[in-house]
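Here is the naming used below: chain letters follow the sequence lines, and residue numbers restart at 1 for every chain. Values reported hereafter were calculated over all heavy atoms of this structure, with side chains retained and with hydrogens, waters and symmetry mates removed.
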Amino acid sequence: MSLLEAQREQTRARYPDDEGYVEREGVRVFYEVYGDGEPTVFLLPTWSIIHSRYWKMQIPYLARHFRVLTFDGRGNGKADRPSGIGAYTEWEFAEDSLAVMDATGTETAAVVGFSCGALWGTVLAANHQDRVRGAVFIGPSVPLAPGHPERNVHSFEDRLDTDDGWAKYNRHYWLEHYEEFLEYFFGKMFSEPHSTKQIEDCVSWGLEIAPETLIESHEALELCGTERFRDVCARVRCPVLVMHGDEDALHPLARGAALAEATGGRLVALEGSGHCPHVRDPVKVNLLIRDFVESLR
Amino acid sequence: MIVDQAAREQTRARDPDDAGYVERNGVRVFWERYGEGEPTVMLVPTWSIVHSRVWKLQIPYLARHYRVITFDPRGNGKSDRPIEASAYDERELAADALTVLDATETERAVLVSFSLGAHRALLLAAGHPNRVSGAVFICPSIPLAPRPSDQFSYPFEEPFDTYHGWAKVNRHYWLVDFRGFLEFFFSQMFTEPHSTKQIEDCVGWGLETTPEVLIATAHAAQVKKDEARALSSQIAPPVLVLQGTEDAIEGSARGIALAQATRGKLVLLEGSGHGAHARDPVRVNLLIRDFVESIARRAA
């Protein structure tokens, strides 16, 4: 961390007990370890639009009970920003996650994945069944059920003659009005009233990745097909808990419900929550995570 | 409490252990008591634009250590809403506080007041030194020093064509757009970023009273400069003044002047606006607690 970064970062309720880099095929990601309880709770990265500080309401609480592991995924935070769509697939994130577990001597963990993090969390649980004791997915962005129709109106690739609403989810708009896109996107992510602080945090994290890189990471996620992902889900053997806000404006509750069904997991619908219940309703989510992790012992 | 209010009220971190009404000259005032500890801390009401829920971030913490008493000011909450200016004379509010102390069998209390509440707290502390063991003033609205130039500086009685900024402190505007005034006023009270919840709460409490009540309070007799100076010099119990450096309602000169005039301790809260106890509650609560503990040590 450069001095400038250190000065800019907000104070934390809890600082890591250990941290370091893991390199895999030339790409470095940055991990942190908090606490030394049992078992390990592994807070996975999500889409590279934000980095591991988005777990800041979970880390201090969970680290009082468990060993907590998290890392900045490729593309944001203190991780590298490789170029190319192939660098940002769910398989790469899953393999990075495994490499972080290896580097930190983490034999098994309960994984927690948010939004896109549910993609690599599922891949990790399916491909490395002996390493994942249980999986919690929050607001999963998985292609198992249709998305909100209003997100499906405009092309991502083509230049549009409007920037109304979800038309901002467009490569040309990102390249020209990146900060406005971030403000719009995170405004949708936090649909609850009084979310100005959470939106401000996320916008500033979003500015840590260049729009060119974010475009590549978006295109990589588009490659995740329904049938292939359904096969992955069928190979998950561990207990699964899915939490999904019924006011989620990014990904409908139906997606969370479908993931719970496909993995044989339990669904908790969070009334009134948007896409980020762990940020806007952290006490409730932390208690649900803790109960679930305790049940794995 | 009528059912409609009960249904509307937010859930509380802590509910009162006892509650009741006192009545003076036909005006009923509603009080609450929380906890059993020693000593008693009385959270004094402020301007009737809000009610006792303005202390919601103090009550649960302080009640774990002390006995906490608060009440809704006449004009808001579950208290009556007289519309004569004389009913809102600061001496009436101070007498209400004393009556609540009596009704709750509270021999002595540490007073914690906020903004306009400083007037009634000063009257009570100076006039009844045997009932007050200490006084905390948060961003006091006491005329010992001028306000920032613009605040409350436009004619209150005169109608204008438009009402921008502080010109909204105007009876005619209140009668046509009360909510507009409340939204402006509380946006000035909470100048810290991310204060939307605090502003929304206060606007909601403001809407529990009427512009007619607030107009009456604007005409009521307050403690004037010379009297404030005299009362401050008389005050016997220890004083703590907490003053936000970014107070956009009162400025910081008034808090500093009150600390000097009362020979009290001054803590400047860097970056805080007028509602410091609502936006930086942990810090303010710890300062209140340290102060209460220091009084207890002195007494022992």
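For A/D36, the CG atom sits in a loose shell: 12 or fewer heavy atoms of surrounding residues, nucleotides or ligands are nearer than 6.0 Å.
Under the ring-ring contact (aromatic ring centres under 6.0 Å, His included) criterion, A/F190 pairs with no residue at all, not counting sequence neighbours. A/D246 meets the side-chain hydrogen bond (donor to acceptor under 3.5 Å, both in side chains) test with no other residue; sequence neighbours excluded.
The residues A/E294 and A/R290 are annotated as salt-bridged, a charged nitrogen and a carboxylate oxygen being separated by less than 4.0 angstrom.
Taking the ring centre of B/Y34 as origin, the terminal cationic atom of B/R14 falls outside the region bounded by 6.0 Å and 45° from the ring axis.
In the model, A/Y169 has a side-chain atom that pairs as donor or acceptor with a side-chain atom of A/H218 under 3.5 Å. With no hydrogens or angles considered, no side-chain donor-acceptor pair links B/W47 and B/S115 at under 3.5 Å.
Identified by a heavy-atom distance below 4.5 Å to chain A, the contributing residues of residues 179-202 of chain B are B/H194, B/T196, B/K197, B/E200, in residue-number order. Identified by a heavy-atom distance below 4.5 Å to chain B, contributing residues of residues 40-68 of chain A are lacking entirely.
Summarising the geometry, atom CZ belonging to B/R64 is positioned 10.0 Å from atom CG belonging to B/N285; distances are rounded to the nearest 0.5 Å. Taking NE2 of B/H274 as the reference point, atom OG of B/S141 lies at 6.5 Å (rounded to 0.5 Å).
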